[in-house]
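No experiment lies behind these values; they were computed from the predicted model shown. Computed over heavy atoms, backbone and side chain alike; hydrogens, waters and symmetry mates excluded.
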Amino acid sequence: MAEQRRSNRSRHTKFHIFTTVSLISIIFTYMFNTNTFVSNISFNFTPNTTIPFISVNLLDNQTFIVNQLKSTSTLHNPVLIVKEVIVQKSAAGDYQNNPLVPPINLTKKQRMSWFKNKLPEFDNLNSNQEFEFRTKEFFKDCKLRFFMTWISSPLRVFGKREFLAIDALFKTNPESCLMILSNVMDSDYGFKTLKPIIDRGFRVQAITPDLNFLFKNTPAKAWFDHIKNGNRDPGEIPLAQNLSNLIRLVVLYKFGGVYLDTDFIPLKSFSGLRNSIGAQSVNSLGNWTRLNNAVLIFDKNHPLLYKFIEEFALTFNGNRWGFNGPYLVSRVVEREATELQSNFSVLPPPAFYPVDWTRIGGLFLRPVNQAHRRWAETKAAQLKESSYGIHLWNKQSRRFRIEEESIMAKLISDHCVICKFFKKSQRLSHTSFSNS
């Protein structure tokens, strides 16, 4: 038996060495064939070394690498191997992992031309003829519809934080249905990721969105046509991020239900909410000063949703963060408040945004003394009592670990079905373009 175990370990080690060497060979072959030199590649292996860092310049050629792996590797999911090799987004918000992020310092005309040439690589712009049928079948006999988006490149996979959001959703809303609009998650990989939830009888499914169907008969159609034809400047911000801002509006307009960002942790049932949007901040008089689009609850064909979609199409600006998202819903509601006030509600910050993004890190920290511990217990109880959920402001909080006895640790332990990813000092670091 001991001899057999040594033999198995030897074969396992040789397999990983072969896979790594093959991947490196593919990358170097491509680099030399295209006269591309990347100066910041380091291949200094030590016994504890992880797969080496590779310059983000190679990300422009990720399709080549994936295709080469698919044709040469016996692995079931070579895309995940590439993910391990290519550097992830930095905490500063580097979007270079997305294939549709244009090079910097381009003029508007140059960026539009570049984008038009890159469109064939972006699967989300292709039509999915099965979308309408699959959606209608999935939502049969569904009491409450939830939607999330995960619009990303194949190299950016669903992470621990996203799974935690789904886990908490079904703990608090067990009879609901969740549809994840995603090109990446509508796959064998996505099914395996969601299988622990599905196996417990909860209804969750990932479906690649059909943007032609979703945008039809809305103001988004003309905007989408201009984008596809290369006649509209997509801007410097990743198109995936702005598509997420638009998709959440049109899917609620077409079907009705609840949209949640994947970094929103539900803490109670949403069954009593209708036609609501949350304030992110208020002034000294209690009047809202900014709304947010991380949580949206609306009936099908709601007129305010149409106003949001119309504003997106008419004023789209791909160079200003938040302009087509939180700032959009804020300016439309401010402008249309008098006309539509009786048709929707603006909920105060404690409903969805009880902790400001500047203070979100405090929820992840372990109490340092007894007084701090009592405060953490009181705060956790307050959040569970007064909030429908908590937005984790992923851009700010992803670098934090969930420390033992922290507020987040308490909330997670009380709001998960599987609790699969909760461990001591668990880092929740993945992000997507559904997050603010």
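- Between the side chains of Thr378 and Arg374, not a single donor N or O lies within less than 3.5 Å of an accepting N or O.
- Of the charged side-chain nitrogens involved, at least one lies within less than 4.0 Å of a carboxylate oxygen, so that Lys136 and Glu132 count as a salt-bridged pair.
- Note that CG of Leu214 is 9.5 Å distant from CZ of Phe224, once rounded to the nearest 0.5 Å.
- For the pair Val204/Leu169, no side-chain contact is recorded, criterion being any heavy-atom separation below 4.5 Å from C-beta on.
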Does Leu328 form a side-chain contact (heavy atoms from CB on, under 4.5 Å) with Arg331? I'd like the steps, not just the answer. CA-CA 5 Å; Leu328 181 150; Arg331 62 179 181 268; 4.0 Å; yes
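- Taking the six-membered ring where the residue is Trp, the centroids of Phe312 and Phe308 are separated by 6.0 Å or more.
- Judged as a salt bridge (Lys or Arg N to Asp or Glu O under 4.0 Å), not a single pair has a partner in residues 354-365 (not counting sequence neighbours).
- For Leu285, the side chain to side chain contact (heavy atoms under 4.5 Å, CB included) criterion is met by Asn283, Asn287, not counting sequence neighbours.
- Judged by distance alone, the side chain of His415 and the main-chain N or O of Leu267 form a donor-acceptor pair under 3.5 Å.
- Between Ile198 and Phe191 there is a side-chain heavy-atom pair separated by less than 4.5 Å.
- For the pair Leu252 and His302, the minimum side-chain heavy-atom distance is 4.5 Å or more.
- Side-chain contact, Ser276 with Ser345: no donor N or O sits under 3.5 Å from an acceptor N or O.
- Side-chain contact check for Val251 versus Tyr259: every heavy-atom pair is 4.5 Å or farther apart.
- With a 6.0 Å radius and a threshold of 12 heavy atoms from other residues, nucleotides or ligands, Glu130 has its CD atom at or below the threshold.
- Residue pairs meeting the salt bridge (Lys or Arg N to Asp or Glu O under 4.0 Å) criterion with at least one member in residues 178-190, sequence neighbours excluded, are Arg134-Asp186.
- Cation-pi geometry between Arg248 and Phe147 is not met: the NZ or CZ atom fails to fall both under 6.0 Å from the ring centre and inside 45° of the normal.
- Taking the side chain as every heavy atom from C-beta outward, Trp357 and Lys395 never approach each other to under 4.5 Å.
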I'd like to know whether Asn275 forms a side-chain contact (heavy atoms from CB on, under 4.5 Å) with Asn343, so could you lay out the CA-CA distance, the side-chain angles of the two residues, the decisive distance to 0.1 Å, and finally the verdict. CA-CA 7 Å; Asn275 301 322; Asn343 293 328; over 6 Å; no
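- The shortest distance between side-chain heavy atoms of Ile297 and Phe352 falls below 4.5 Å.
- In summary, the side chains of Asn245 and Asn293 do present a donor paired with an acceptor at a separation below 3.5 Å, with no hydrogens or angles considered.
- Ring-centre distance between Phe264 and Tyr388: not below the 6.0 Å cut-off.
- Using a 4.5 Å heavy-atom cutoff, the side chains of Leu411 and Lys384 are in contact.
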